[in-house]
Student: 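I am attaching a structure below and will ask some questions about it afterwards.
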Amino acid sequence: MTSRYAVFGHPVAHSLSPRIHRAFARQAGTTVDYNLIDVDPDSFGDALLAFAGAGGVGANVTLPLKEAAYSLASSSTDRARRAGAVNTLTRNADGWAGDNTDGAGLVRDLTERHRLDLRGRRVLLLGAGGAAHGVAPALLDAGIDSMIVVNRHADRADRMVDALNDPERASSRYWDDLGTIGDFELIINATSAGREHGKFQLPFSLAKPRFVAVDLSYGEAAIGFLAWARAAKAEHAIDGLGMLVEQAAESFEQWHGKRPDTDPVYAELRASSAVLRTGD
Ligand code: NDP
């Protein structure tokens with residue numbers, strides 16, 4: 001039976017993952033059967049069973065299924081447990097092994113592609129959804145000085161910070177207090193607000209001179225936050241396209257045992273559509 005791979009999400013039609021995994025496979029001199037599967041959270045477990053029955057051996061998981069994927073996995077890596085969310089599932093004899101490559105993907109994009117030193121930075125993380133859960137532990141491990149998590153629904157940020165279990169460095173604040181919590185050297189937008197509306201209004205007082213702004217979204221969804229960042233005089237305003245390619249590379253390596261060269265794939269995606277040219 002052909003080994004099958006897929007990305008599960010809802011909606012998922014926009015996902016670039018099939019294109020990225022097929023490009024990595026071409027680099028390795030092979031092809032990959034990698035498709036999109038749109039499934040709502042209630043049907044995800046059944047869909048995963050059907051996928052395994054049809055030869056499914058590897059799956060990426062995107063919004064809004066990452067926390068459900070963590071529950072469905074029969075085992076999880078340490079970083080998936082710390083995130084409480086899974087974006088990579090690998091079939092084994094016991095079921096599905098869960099991992100979370102989002103944080104490693106972000107850190108690799110920032111430190112290797114953009115040559116940024118994250119150590120000692122004061123970080124503001126906006127959002128406490130699946131993506132924020134994935135990147136927060138990796139940022140702490142990368143040696144940042146401190147992280148304040150702010151989410152529209154504050155209880156979610158509180159729970160996330162509790163789970164991080166690093167009270168010296170990680171804390172939460174209310175969204176309404178953004179104007180009074182000081183300034184930051186790295187501001188990360190891990191919300192999906194940009195998908196709903198174009199504008200992104202934050203106080204300019206959050207911006208330390210020469211700060212770095214990162215939106216985990218890319219394309220049109222990143223335009224509003226990155227426009228705010230440039231108006232606030234960010235030294236770098238980076239979208240999530242590089243992270244997307246890097247987290248995919250981590251999954252690809254787990255499944256196929258080969259580390260892809262991400263630069264040509266990133267360059268091709270960046271060049272392929274004007275709407276994606278929102279990074280620095
Ligand atoms: P979730 O649905 O899990 O979480 C959404 C988050 O956005 C929550 O914190 C939510 O707050 C917040 N939010 C939604 N609307 C608003 C709003 N109008 N104002 C303020 N906050 C809002 O999504 P994910 O965490 O999985 O994804 C978040 C973004 O990150 C998406 O745009 C996604 O595309 C991107 N992403 C990019 C990746 C990459 O590789 N580049 C990987 C993963 C995600 P609340 O809890 O209060 O509802």
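Being a predicted model, the structure only gives us computed values, none of them experimental. Atoms within each ligand, like the ligands themselves, are counted from 1 in listed order.
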Student: Under a single-linkage rule joining Ile, Leu, Val, Met, Phe, Trp and Tyr whose side-chain heavy atoms are separated by less than 4.5 Å, which residues share a cluster with Leu48?
Tutor: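 Noted: Leu48 shares its cluster with Phe8, Ile37, Val39, Phe44, Phe51, Val61, Leu65, Tyr70, Leu72, Val86, Leu89, Trp96.
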
Student: Could you list all the salt bridge (charged side-chain N to carboxylate O under 4.0 Å, His left out) pairs where at least one residue sits in residues 52-67, not counting sequence neighbours?
Tutor: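 As it turns out, the salt bridge (charged side-chain N to carboxylate O under 4.0 Å, His left out) pairs with a partner in residues 52-67, which skip direct neighbours, are Lys66-Asp102.
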
Student: With hydrogens left out, which residues have an atom under 4.0 Å from ligand 1, given that only heavy atoms count?
Tutor: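 Shell around ligand 1 (4.0 Å, heavy atoms): Leu63, Lys66, Asp102, Gly127, Ala128, Gly129, Gly130, Ala131, Asn151, Arg152, His153, Arg156, Trp175, Ala190, Thr191, Ser192, Ala193, Arg195, Glu196, His197, Leu216, Ser217, Gly240, Met243, Leu244, Gln247.
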
Student: Using 30° and 60° as the class boundaries, would you call the ring planes of Phe24 and His21 parallel, tilted or perpendicular?
Tutor: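 Taking His21 first and then Phe24, their aromatic rings stand perpendicular (interplane angle over 60°).
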
Student: With sequence neighbours left out, write down each residue that passes salt bridge (charged side-chain N to carboxylate O under 4.0 Å, His left out) with Asp158, or none if nothing qualifies.
Tutor: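 Partners of Asp158 by the salt bridge (charged side-chain N to carboxylate O under 4.0 Å, His left out) criterion come out as none, since no residue qualifies.
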
Student: Parallel, tilted or perpendicular: which one describes the rings of Tyr34 and Tyr5, with boundaries at 30° and 60°?
Tutor: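 The arrangement is parallel - the two ring planes meet at less than 30°.
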
Student: Does a sphere of radius 6.0 Å around CZ in Phe204 hold more than 12 heavy atoms from other residues, nucleotides or ligands, not counting ones at 6.0 Å or beyond?
Tutor: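 Enclosed: over 12 neighbouring heavy atoms sit under 6.0 Å from CZ of Phe204.
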
